[in-house]
Amino acid sequence: MSSQWNALLKNLGEWEGSFTRLSSLGEILEDTKSVVSLEGLNNNQTIRQTIRLGENEKVLEYSSLGKGIMFFENGAFSQGSIQLAPFSEFGAEFGFIYGDRRLRLVQLFDKNLKLDTFTLIRECLAQTQLEQRPVLTVDALLGEWIGEAITIYPDFQQPDIYSTHMDLRLDNDKLVQSLSFANRTITSVATIKNSLLLFEQNQVQVLLLADGASVASPLQAQLRKPLFLEVAWLINPNLRQRMIRSYNDKGEWISLTLVTERKS
């Protein structure tokens with residue numbers, strides 16, 4: 001059994017929660033109770049996935065993984081577009097798992113490659129209690145975060161593992177982010193407008209959401225320019241995970257990175 005399939009098996013169980021559809025600015029468009037069940041069949045050689053959204057139910061069975069999805073060893077994953085192309089919808093889902101909780105987020109772009117909608121999915125295993133946590137705040141993110149990143153590749157080349165350092169501070173009502181990894185340091189500044197952070201230099205927005213979630217997206221995906229999609233989860237006040245799906249200047253999906261960082 002492949003390591004990718006074994007990582008998928010970390011998600012087995014019945015997950016209860018909700019699918020919350022949001023506008024590109026974070027306004028709630030729809031909120032639907034959900035139950036997602038992943039059951040192993042034939043000695044876990046096949047997965048039966050049952051998705052119940054309100055009154056609707058869909059059942060899928062599969063025994064292999066598609067090209068657009070990759071898993072990390074702890075069960076975290078991302079699936080989505082493998083190619084950015086003109087006049088086609090573009091987007092990806094990111095999934096985190098921690099104990100009896102999962103957090104997933106889908107970000108979608110329209111056929112003009114403009115940021116369109118998000119779906120925030122908060123789940124816990126059946127018979128456990130889903131903690132209702134308020135919208136993430138800038139204050140909760142301020143400080144110094146020391147982490148480790150692992151980057152995996154769709155062509156299954158050897159993963160890269162490296163340390164990371166992020167410093168987030170306020171300067172005259174702006175958020176200054178300094179990120180160091182792999183002998184590079186990138187400093188960027190964001191304007192804060194309630195739960196929306198806008199990094200004007202590269203036209204990337206970060207939206208702060210419920211349950212410690214945040215999502216970073218280009219306002220407009222552009223052909224012939226590299227881009228990344230990122231989702232993060234503040235699991236507890238001192239532990240955060242971030243997942244980054246990267247595309248090159250040909251629009252090809254080239255890597256997936258999971259950063260696990262702790263506040264120092």
Side-chain angles (χ1 to χ4, degrees), residues 22-27 72 74 76 78 92 94 96 98 101 103-105 107 115 118 120 122 131-151 160-222 225-247 255-264:
L22 306 158
S23 75
S24 61
L25 297 176
E27 302 146 331
F72 293 94
N74 68 352
S78 175
F94 298 78
F96 300 88
Y98 188 81
R101 297 158 61 200
L103 183 135
R104 297 185 285 140
L105 192 140
Q107 47 178 310
L115 184 60
F118 302 107
L120 174 64
R122 293 164 282 172
E131 181 186 359
Q132 295 295 326
R133 297 199 296 160
V135 171
L136 183 63
T137 64
V138 171
D139 284 349
L141 297 176
L142 296 178
E144 189 176 20
W145 296 85
I146 307 298
E148 182 180 81
I150 177 167
T151 297
D160 289 323
I161 300 173
Y162 47 94
S163 60
T164 65
H165 177 274
M166 179 183 281
D167 184 63
L168 290 164
R169 58 186 172 85
L170 292 176
D171 183 11
N172 293 330
D173 297 326
K174 299 268 179 114
L175 180 68
V176 180
Q177 174 183 284
S178 180
L179 175 62
S180 301
F181 62 97
N183 298 319
R184 294 178 63 196
T185 298
I186 300 170
T187 300
S188 46
V189 178
T191 302
I192 304 169
K193 186 177 180 183
N194 300 320
S195 296
L196 193 66
L197 314 176
L198 179 61
F199 291 86
E200 293 178 18
Q201 185 176 357
N202 53 5
Q203 287 296 290
V204 168
Q205 78 165 33
V206 175
L207 194 57
L208 307 181
L209 299 168
D211 198 31
S214 59
V215 52
S217 322
L219 298 173
Q220 174 79 49
Q222 296 185 46
K225 281 193 176 180
L227 67 90
F228 70 92
L229 308 176
E230 178 178 323
V231 175
W233 187 21
L234 187 66
I235 296 165
N236 64 48
N238 297 307
L239 175 63
R240 189 175 185 230
Q241 289 189 329
R242 296 185 288 118
M243 203 182 309
I244 303 106
R245 192 175 174 101
S246 298
Y247 293 79
S255 68
L256 183 66
T257 298
L258 179 66
V259 183
T260 301
E261 52 197 6
R262 288 172 171 81
K263 192 176 277 194
S264 63

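No experiment lies behind these values; they were computed from the predicted model shown. All heavy atoms count here, side chains included; hydrogens, waters and symmetry mates do not.
- By the 6.0 Å contact criterion, CZ on R133 is enclosed, its count of non-hydrogen atoms from other residues, nucleotides or ligands being greater than 12.
- Atom-to-atom distance recorded for L229:CG and M243:CE is 12.0 Å, nearest 0.5 angstrom.
- Judged by distance alone, the side chain of K263 and the main-chain N or O of A140 form a donor-acceptor pair under 3.5 Å.
- With rounding to the nearest 0.5 angstrom, the CZ atom of F94 is 8.0 Å from the CG atom of L105.
- Within the model, atoms CG of L219 and CG of L198 stand 6.0 Å from one another, a figure rounded to the nearest 0.5 Å.
- Put simply, the side chain of N74 gets close to the backbone of A76: a donor and an acceptor are under 3.5 Å apart.
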Distance-only check: which donor-acceptor pairs under 3.5 Å involve side-chain atoms of residues 142-150, not counting sequence neighbours?
{"unit_1": "E144", "atom_1": "OE1", "unit_2": "S264", "atom_2": "OG", "d": "3.2"}
{"unit_1": "E144", "atom_1": "OE2", "unit_2": "H165", "atom_2": "NE2", "d": "2.5"}
{"unit_1": "W145", "atom_1": "NE1", "unit_2": "L141", "atom_2": "O", "d": "2.9"}

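- Checking side-chain atoms of Q107 against main-chain N and O of V231 turns up no donor-acceptor pair under 3.5 Å.
- By the 4.5 Å heavy-atom criterion applied to side chains, L170 and I192 are counted as neighbours.
- By the 6.0 Å contact criterion, OH on Y98 is open, its count of non-hydrogen atoms from other residues, nucleotides or ligands being 12 or less.
- When side chains are defined from C-beta on, Q203 does not count as touching Q222, because their heavy atoms never get closer than 4.5 Å.
- Applying the side chain to side chain donor-acceptor pair (under 3.5 Å) criterion to D160, with sequence neighbours excluded, gives Y153.
- One N or O on the side chain of N236 and one on the backbone of N238 form a donor-acceptor pair closer than 3.5 Å.
- With sequence neighbours excluded, the residues that form a side chain to side chain donor-acceptor pair (under 3.5 Å) with E200 are T191.
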